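Small disclaimer: the values here were computed from a predicted structure and weren't measured.
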Amino acid sequence: MIAIIDFGSQYSKLIARKVRENQVYCEVYPHTITIKELKEKKIKGLILSGGPYSLSDKDAPKIDKEIMHMGVPVLGICYGMQLMTEMLGGTVKTSNQREYGAANLFIDNNFDLFEGLWLEMSSWMSHGDTVEVPPPGFKVLAHTQSCKVAAIGNSEKKYYGLQFHPEVSHTQRGQELIRNFMFNICEMEPNWYADTFIDKTLKEIKNKVEDEQVLCALSGGIDSTVVAVLLHKAISKNLTCMFIDHGLMRKDEGKNIKQIFEKEYNMNLIYVDAQDRFYKKLKGITDPEKKRKCIGEEFIRVFEEESKKLKGDIKFLAQGTLYPDVIESAIGDVSKTAVTIKSHHNVGGLPEDIDFKIIEPLRFLFKDEVRRVAKEMDVPLEIVNRHPFPGPGLAIRIIGEVTKERIKTLQEADAIVMEEIKKADLYNDIWQAFAVFLPIKTVGVQGDNRSYENTICLRVVKSEDAMTANWVRLPYEVLEAISSRITNEIKEINRVVYDITSKPPATIEWE
Ligand code: XMP
């Protein structure tokens, strides 16, 4: 596998995804990893990420010297290139001026790293410092107009450095450059596929769990579903799934989940109807963060109570933790402290002091890899392709107080949105499409009568990773069909509006 050492770059996860997209396994480590730990990983190549630091900063992150001399090829990107230069005897020029954005890259030396690429291509720059003199034995491989040393390499030792970011889509042919590093230079073979993951994981689960019982909290989303299906394949009858219906799901979703897991998979399913508990707790709460916290806490209470009823028999708890969360907690020390925009709740948000042993079969997968695994295991496409749905459910799509009546109204509106989006064959081109309930009453006219009812806002966005999003230019005919059905079929709504805000500055969900 490839090891990626993170120096606090916002792109480290992206590097990992680009490597994995080429069917090569990789993991991301903090810069504090030791040579001993890395040797145990049996790596074939090393990538040093970029980062927000200058080598001249007092707290600039460094790595163990021996790591550079492990005998595996090294690719340093941006800060990683500068650190490599300094460690191998070159010099780096510090600068207060940043170069940010696209720059034309000219290839001066067609080494293995640039094999098959164009001699001039657009590259993405984001740096202040630059390499002044490459280390002994290195050649300058590329330059841009403002950066004389944009790529360096020592083909004998297999060390390479790039000032630009091959992992971002604005760099032309960046993906091929990463491929050249892995396949030409590290001499790796693509061997990271969904089926090999499944075989390996089933064996691991069997070894770990043996004859013990496992509990798996299901949300109906793809992550917990894939965990449940993997466990079911590995240990079948020793698995119990628990689905807590908080009453904040889409229309009929609770029933559908029950149907899929009981009927299609024949799994032991504990269906906990906790709707009234959640509605009672949410009474009177209007603040978005309080709503989110209240739902997260109540979820934990219900889970604790229900799992106590099973305790004794059950030793393991399975969770759908994904690799981005694992990376986040491992490399947290170099990443800047982030402001909490929203407190997230999902089925991973279970009690901390739980006395189950934890198994997390997806802890090394990215979301798109989970989808591939799901398809390989024939998980119903309806689940594989389902739009993301927030843990606190419809509660954060009702502005103001959450009541049973409002949930019902929103479920109906949301079902119409889903039906029309699917009918127009747009569902798979969209990241998320949903309705938001606004407790804003306006005057309308229905037949000969005056109405004074609430508003539904339609939110439809495209996104790659939910970090940024663009509102979708839905065809007028689809907007019209949705608006006319909602106002005709739902008595409580007499006005529909469309949200034309991107993220940032808005977020995808309204609360
Ligand atoms: P925002 O509203 O922050 O949403 O732009 C980004 C993405 O995250 C989803 N989301 C959540 N998912 N638990 C989840 O599992 C949550 O508490 C939560 N809040 C937001 C949201 O639907 C969007 O895809």
Looking only at atom types and distance, does a side-chain atom of [X] sit under 3.5 Å from a main-chain N or O of [Y], one as donor and one as acceptor?
{"X": "Y159", "Y": "M68", "value": "yes"}
{"X": "H246", "Y": "I295", "value": "no"}
{"X": "S343", "Y": "R292", "value": "no"}
{"X": "N22", "Y": "R179", "value": "no"}
{"X": "S236", "Y": "K233", "value": "no"}
{"X": "T85", "Y": "M81", "value": "yes"}

Is the shortest heavy-atom distance from the side chain of [X] to the side chain of [Y] under 4.5 Å?
{"X": "I5", "Y": "L46", "value": "yes"}
{"X": "W192", "Y": "V19", "value": "no"}
{"X": "L162", "Y": "F181", "value": "no"}
{"X": "S12", "Y": "I327", "value": "no"}
{"X": "P380", "Y": "Y265", "value": "yes"}
{"X": "V92", "Y": "Y79", "value": "no"}
{"X": "E187", "Y": "K158", "value": "yes"}
{"X": "I314", "Y": "T240", "value": "yes"}

Salt bridge (Lys or Arg N to Asp or Glu O under 4.0 Å) contacts touching [range] (sequence neighbours left out):
{"range": "residues 27-51", "value": "K36-E40"}
{"range": "residues 502-511", "value": "K291-E511, R397-E509"}
{"range": "residues 46-66", "value": "K62-E86"}

Exercise: identify the closest heavy-atom pair between [X] and [Y]:
{"X": "D112", "Y": "S155", "answer": "OD1-CB, 4.4 Å"}
{"X": "M267", "Y": "C241", "answer": "SD-SG, 3.7 Å"}
{"X": "S49", "Y": "S9", "answer": "OG-CB, 3.8 Å"}
{"X": "F434", "Y": "I508", "answer": "CZ-O, 3.5 Å"}
{"X": "Q163", "Y": "C147", "answer": "CG-SG, 4.0 Å"}
{"X": "N180", "Y": "L113", "answer": "ND2-O, 2.9 Å"}

* Asked: Given E189 and Q23, is the side chain to side chain donor-acceptor pair (under 3.5 Å) satisfied, shown in steps?
  -> CA-CA 8 Å; E189 300 269 333; Q23 278 69 51; over 6 Å; no

* Asked: How would you list all residue pairs meeting side-chain hydrogen bond (donor to acceptor under 3.5 Å, both in side chains) that involve residues 200-216, not counting sequence neighbours?
  -> Q213-N238

[atom1]/[X] to [atom2]/[Y] distance, rounded to the nearest 0.5 angstrom?
{"X": "C186", "Y": "I43", "atom1": "SG", "atom2": "CD1", "answer": "9.0 Å"}
{"X": "L269", "Y": "C216", "atom1": "CG", "atom2": "SG", "answer": "10.0 Å"}
{"X": "Q319", "Y": "L215", "atom1": "CD", "atom2": "CG", "answer": "10.0 Å"}
{"X": "I244", "Y": "F299", "atom1": "CD1", "atom2": "CZ", "answer": "4.0 Å"}
{"X": "I2", "Y": "M182", "atom1": "CD1", "atom2": "CE", "answer": "6.0 Å"}
{"X": "N154", "Y": "L88", "atom1": "CG", "atom2": "CG", "answer": "8.5 Å"}

* Asked: Do you see a donor-acceptor pair shorter than 3.5 Å between the side chains of E120 and N104?
  -> yes

* Asked: Does atom NZ of K342 have more than 12 heavy-atom neighbours from other groups under 6.0 Å away?
  -> yes

* **D425, CG: over 12 other non-hydrogen atoms inside 6.0 angstrom** => no

Check ring pair (Phe, Tyr, Trp, His ring centres under 6.0 Å) between [X] and all other residues, then give those that pass, not counting sequence neighbours.
{"X": "Y160", "value": "none"}
{"X": "F316", "value": "none"}
{"X": "H387", "value": "Y427"}
{"X": "Y323", "value": "F364, F366"}

* Criterion side-chain contact (heavy atoms from CB on, under 4.5 Å) on F261 and T225, from CA distance to verdict -> CA-CA 9 Å; F261 288 94; T225 302; 3.6 Å; yes

[X]/[Y] ion pair, N-O < 4.0 Å:
{"X": "D6", "Y": "K13", "answer": "no"}
{"X": "E464", "Y": "R17", "answer": "no"}
{"X": "E376", "Y": "R372", "answer": "no"}

* **Derivation of the side-chain contact (heavy atoms from CB on, under 4.5 Å) call for I67 and L38** => CA-CA 8 Å; I67 292 179; L38 261 187; 3.7 Å; yes

* Asked: Run the side-chain contact (heavy atoms from CB on, under 4.5 Å) check on F243 and M249 step by step: do they pass?
  -> CA-CA 12 Å; F243 171 67; M249 308 289 290; 4.2 Å; yes

Please set out all donor-acceptor pairs under 3.5 angstrom arising from side-chain atoms of residues 123-142, sequence neighbours excluded.
| from | atom 1 | to | atom 2 | distance (Å) |
| --- | --- | --- | --- | --- |
| S123 | OG | A103 | O | 3.0 |
| H127 | ND1 | D129 | O | 2.9 |
| H127 | NE2 | E99 | OE1 | 2.7 |
| D129 | OD1 | S95 | N | 3.1 |
| D129 | OD2 | S54 | OG | 2.6 |

* T321/V326 under side-chain contact (heavy atoms from CB on, under 4.5 Å): CA gap, chis, key distance, verdict -> CA-CA 8 Å; T321 316; V326 176; 4.2 Å; yes

* In chain order, what residues pass the side-chain hydrogen bond (donor to acceptor under 3.5 Å, both in side chains) check against D499, with sequence neighbours excluded? -> R459, T501, W510

* Residues that K18 engages under salt bridge (charged side-chain N to carboxylate O under 4.0 Å, His left out), provided they are two or more places apart ->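 For K18 the salt bridge (charged side-chain N to carboxylate O under 4.0 Å, His left out) partners, ignoring immediate neighbours, are E21.
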
* Asked: Can you name the salt bridge (charged side-chain N to carboxylate O under 4.0 Å, His left out) partners of R173, sequence neighbours left out?
  -> E176

* So among I235, L239, I198, I359, which one has a side-chain contact (heavy atoms from CB on, under 4.5 Å) with L230? ->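 Of the listed residues I235, L239, I198, I359, the side-chain contact (heavy atoms from CB on, under 4.5 Å) partner of L230 is I198.
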
* Asked: Which one of R386, K367, R363, R371 satisfies the salt bridge (Lys or Arg N to Asp or Glu O under 4.0 Å) criterion with D223?
  -> K367

